[in-house]
Amino acid sequence: MRASDDPMAEFRATFFAECEDLLEGAQAGLLAMQHGRADSETLNVVFRAVHSIKGGAGAFALEEIVAFAHQFETALDQLRTGTLQPDAATILLLLNASDGLSDLVAASRDGTSLERGATDATLADLCALVSDGKADENPTEGFVVTKLSLDLDAPEPPLPERQTYRIDFVPDDALYALGNEPLFLFRALAELGDLEVVADIAMVPEIDKFVPGSSYVGWTLDLTTAASDAEIAEVFDFVDGLCTLRIARVPADRALDPVPCPPPGAQTASAQAPGSAPQEGPVGEPPQTRPEAHLPQASTAAPVAATVRVDLDRIDRLANLVGELVIQQAILTQSIADTGLTRRSTVSQNLEKLTGLTREMQNGVMMIRAQPLKSLFQRMSRIVREASAASGKPVRFSTEGEATEIDKAMIEGLADPLMHMLRNAVDHGLEPPGIRAAAGKSAQGDVRLSAAHRSGRVVIEVTDDGGGIDRAKVLDTAISRGLVSAGAQLSEPEIDSLLFLPGFSTAGEVSNLSGRGVGMDVVRSAIQTLGGRIAIRSETGRGTTFSVSLPLTLAVLDGMIVDVADERLVLPVHTIIETLTLSDDEVGELAPGSSLAMVRGQILALLDLGSALGYRAPLETIAGAQALVIALEGNERVALLVDAIHDQRQVVIKGLRDGFGRAPGVAAATILGDGQVALILDPIEIVAHAGIRAAAPLSSAG
Amino acid sequence: MTTVLAVDDSRTMREIIALTLRGAGIDTHLAKDGQHGLEVLEELAPDAIITDINMPRLDGYGFIAAVRDRSQSRTVPILVLTTESADDLKARARAAGATGWIVKPFDPGKLVRAVQMVTG
């Protein structure tokens, strides 16, 4: 069922989306408190967030969330009132609580159940914390979970016997001051049954003694109704304490008596139908003095915020359509060029304007999808906290460039690799406190997560100030696993990039955090799926930086169009360093199917793309072929041989995830200007798949 | 048609209130906190106001006080949304100038009845 078909489902969706925002805000606030960056409003923001989650959860009868949020809220309230002190331990506990609340919310959103007792320990801690301030026996005392239902027209229960009540009602002055109106109370009573109202206006003074806002009129009401005592009392709920009120049942035999002994000057009015008002005494400032004429205003809601929440599906559809538009426009451009019209013709000039508009539209759609990395970064602080606790290494975690925007899909795809990189930074990057102390470093390790725009791409870095990569150990491990031949001479960057080889792990003992079966190879392939690249910089004793470079969006790509064995293919331009035409004397044979070329003093491995993709048998001669030089990690270079290089142009990426098997080296597909479908290749994966690197680690010739 | 201004910082609450009241034929306007509520009141003279207490910028108590301060809205009925039904909360709401209260989570019928109770 689509959410829009079911208002309850829509409310739930709104609620959970709001919960995410609120939890984010709460986490940010608690982190600010932890770092001593909190101001007077910070705690209030956190409190309100938890409070709102509790309120919303109550409406959906999510009792576990309500119970947890209630204790959380109580603790925060005690901080506000000063009953509790915001010391480090308390704030850490509150951070854990926000993690726990976040888990509970996610579990009920996804309809999964948490491991039994997953948040019990945190809840117990919270209760203990709170009870230091004040005992709260019943976790949700004063807060009743009432499941929201939209059954506005519930069938009325069968009518019980009717009763007559005598109600004496004399308002105090305060009743009017607080915006109450006796007339409305009488109307509400009249809806319960038959009502007779007698006003006592004996106390109304002469006009010159009249004090506005004072109460001069009392009423005696006879209500014959099937409603219960409670229902009648409910009518007076808001004025309880603001009036003299007496409600009594009239014995059945007197029920038909008229209202006895009207006070002098009293008049009788029937209020059986709403709108037939009882005698109105001068009651201070009656509601009529309120301006009735509403200023011009649309009958819809007042604008609440300058943002709209849009289903991601809709944006994706729009992005897809704009993609089609770009393609169609390219096709049109090509067919117009084919007719031989000059660039100065009216058609060509108009087409150029259309091209500009299309590009702007494409950028506009991409901007809708762009989101700041903030939420992702905030989630990561929890990962670091958990890793710190599990490894026993104290960590100071900082983030930078949270406002950097990137495609939303990219943010989702980044969560897992970032998580793993941060765990690694704490687990493998940082030294244990003892060793840090011996090295003259503070016991608390630094882990930094940063993001920045750099030449049209987003660069995200995870930096630790640990001991750096132990390259001797890495090399030993790689040799012992047969990943590198013994005695191979590898440069430092080459050794570092061994970390990305499948199955590589340098951890002597498997800790609580690693040993999850995920290595850096998985991180790298996740980054590559996003069109990104990952690199390592490491300095012994000073720390390690993992640097991830990503395109701004997944939807378009600057592509190089090439021909291989009569197939038209696209390679991402950012992977290509240069293009070459090879002449015989530049080429030297190394092994069958693989060759070396010497270009400007540098040795290049040659890879025939046609045979690597299985389009044809290896070329007998590579003389005169065109080559695209691509860079691998660690500055290795490989030249891919192709039959022809066409041009460079933007292509719209059409994912091959649904309905296609994953072919190594094929990243996606696109539709070219002439309507032809072309595969978009991942050259780095093709090279890895061809096994060139394992066969011959390369170094520059002097 | 009865016009109501509902002030709550929770989007979920705002939507629930709006759907419930509009379903009962009440023209419902929304504001996301007290400050925003006061801005809306510059352009709107509602028959009743519903407000949350815990809100950023200007909370419910401050909002009610400001509403009662304006001559145009001195006697407009104000209903407070509260998660606690405790008596001292009612007393505090009343001390701030509220007409009545609705205990969250409310059932829709109760909300509509409460609004009708103060608007007639």
Side-chain angles (χ1 to χ4, degrees), chain A residues 7 10-11 14-15 17-18 22 41 44-45 47-48 51-52 54-56 58-60 142-152 154 174 176-181 183-185 187-188 234-235 237-238 241-242 274 284-287 289-297 299 301-302 304-305, chain B residues 1 3 5 9-16 18-20 23-24 27-32 36 40 43-48 52 54-56 68 72-79 81 83-86 89 94 97-101 103-109 112-114 116-120:
Chain A
E10 213 169 286
F11 283 158
T14 306
F15 170 64
E18 185 175 24
L22 291 169
E41 182 58 14
N44 287 329
V45 169
F47 176 84
R48 280 197 301 269
H51 183 78
S52 288
K54 182 176 98 167
F60 299 106
F143 185 78
V144 189
V145 174
T146 310
K147 192 168 165 65
L148 176 73
S149 72
L150 290 179
D151 197 8
L152 291 169
Y176 298 107
L178 292 176
N180 288 289
E181 171 51 55
L183 167 63
F184 299 154
L185 299 180
R187 281 190 190 159
E234 197 191 326
V235 171
D237 189 22
F238 294 164
L242 300 174
E285 286 178 72
T289 58
R290 291 207 308 271
E292 289 294 319
H294 299 162
L295 293 170
Q297 173 103 6
S299 64
V304 162
Chain B
M1 183 152 73
T3 304
L5 168 66
D9 61 329
S10 159
R11 194 166 56 240
T12 311
M13 276 301 155
R14 284 199 300 270
E15 285 190 16
I16 291 177
L19 187 103
T20 305
D27 181 20
T28 309
H29 298 250
L30 302 172
K32 61 183 166 142
H36 185 205
V40 174
E43 306 260 311
L44 181 80
D47 299 305
D52 188 23
N54 282 296
M55 294 185 292
R68 290 278 179 249
Q72 315 90 288
S73 55
R74 185 154 294 139
T75 59
V76 67
I78 303 175
L79 298 174
L81 285 166
T83 45
E84 264 84 358
S85 56
L89 249 136
R94 191 173 268 166
T99 310
W101 42 84
V103 178
K104 281 195 288 191
F106 48 80
D107 79 80
V112 172
R113 273 203 304 282
Q116 283 166 348
M117 183 75 75
V118 295
T119 58

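First the proteins, then the strands, lettered A, B, ... as listed; each starts at 1.
Contacts between A:N180 and chain B at a heavy-atom distance below 4.5 Å involve backbone atoms as well as side-chain atoms. Using a 4.5 Å cut-off between heavy atoms, B:L79 touches chain A through its side chain atoms alone. Within the 4.5 angstrom heavy-atom criterion, atoms from both the backbone and the side chain of A:V235 approach chain B. Looking at B:R94, both its backbone and its side chain come within 4.5 Å of chain A, counting heavy atoms on both sides. When heavy atoms are compared at a cutoff of 4.5 Å, A:A17 approaches chain B by way of both its backbone and its side chain. Heavy atoms of B:A98 lying under 4.5 Å from chain A belong exclusively to its backbone.
You'll find the side chain of A:E18 reaches within 4.5 Å of the side chain of B:S10, heavy atoms only.
Expressed to the nearest 0.5 Å, how far CD of A:E234 lies from CE of B:M117 amounts to 6.0 Å. Of the inter-residue distances, the one linking A:R48 atom CZ with B:D52 atom CG reads 10.0 Å to the nearest 0.5 angstrom.
Looking at residues two or more places apart in sequence or on another chain, you find a salt bridge (Lys or Arg N to Asp or Glu O under 4.0 Å) between B:R11 and A:D21. Listed by chain and number, the residues in a side-chain contact (heavy atoms from CB on, under 4.5 Å) with B:R68 are B:I64, B:V76, B:I78, B:T99 (sequence neighbours excluded).
Between A:A59 and B:I16, the closest heavy-atom pair is CB-CD1, 4.2 Å. Considering all non-hydrogen atoms of both residues, A:F238 and B:V118 come closest at CD1-CG1, 3.8 Å.
Top candidate by heavy-atom pairs under 4.5 Å with chain B, chosen from A:V45, A:L22, A:T14, is A:T14.
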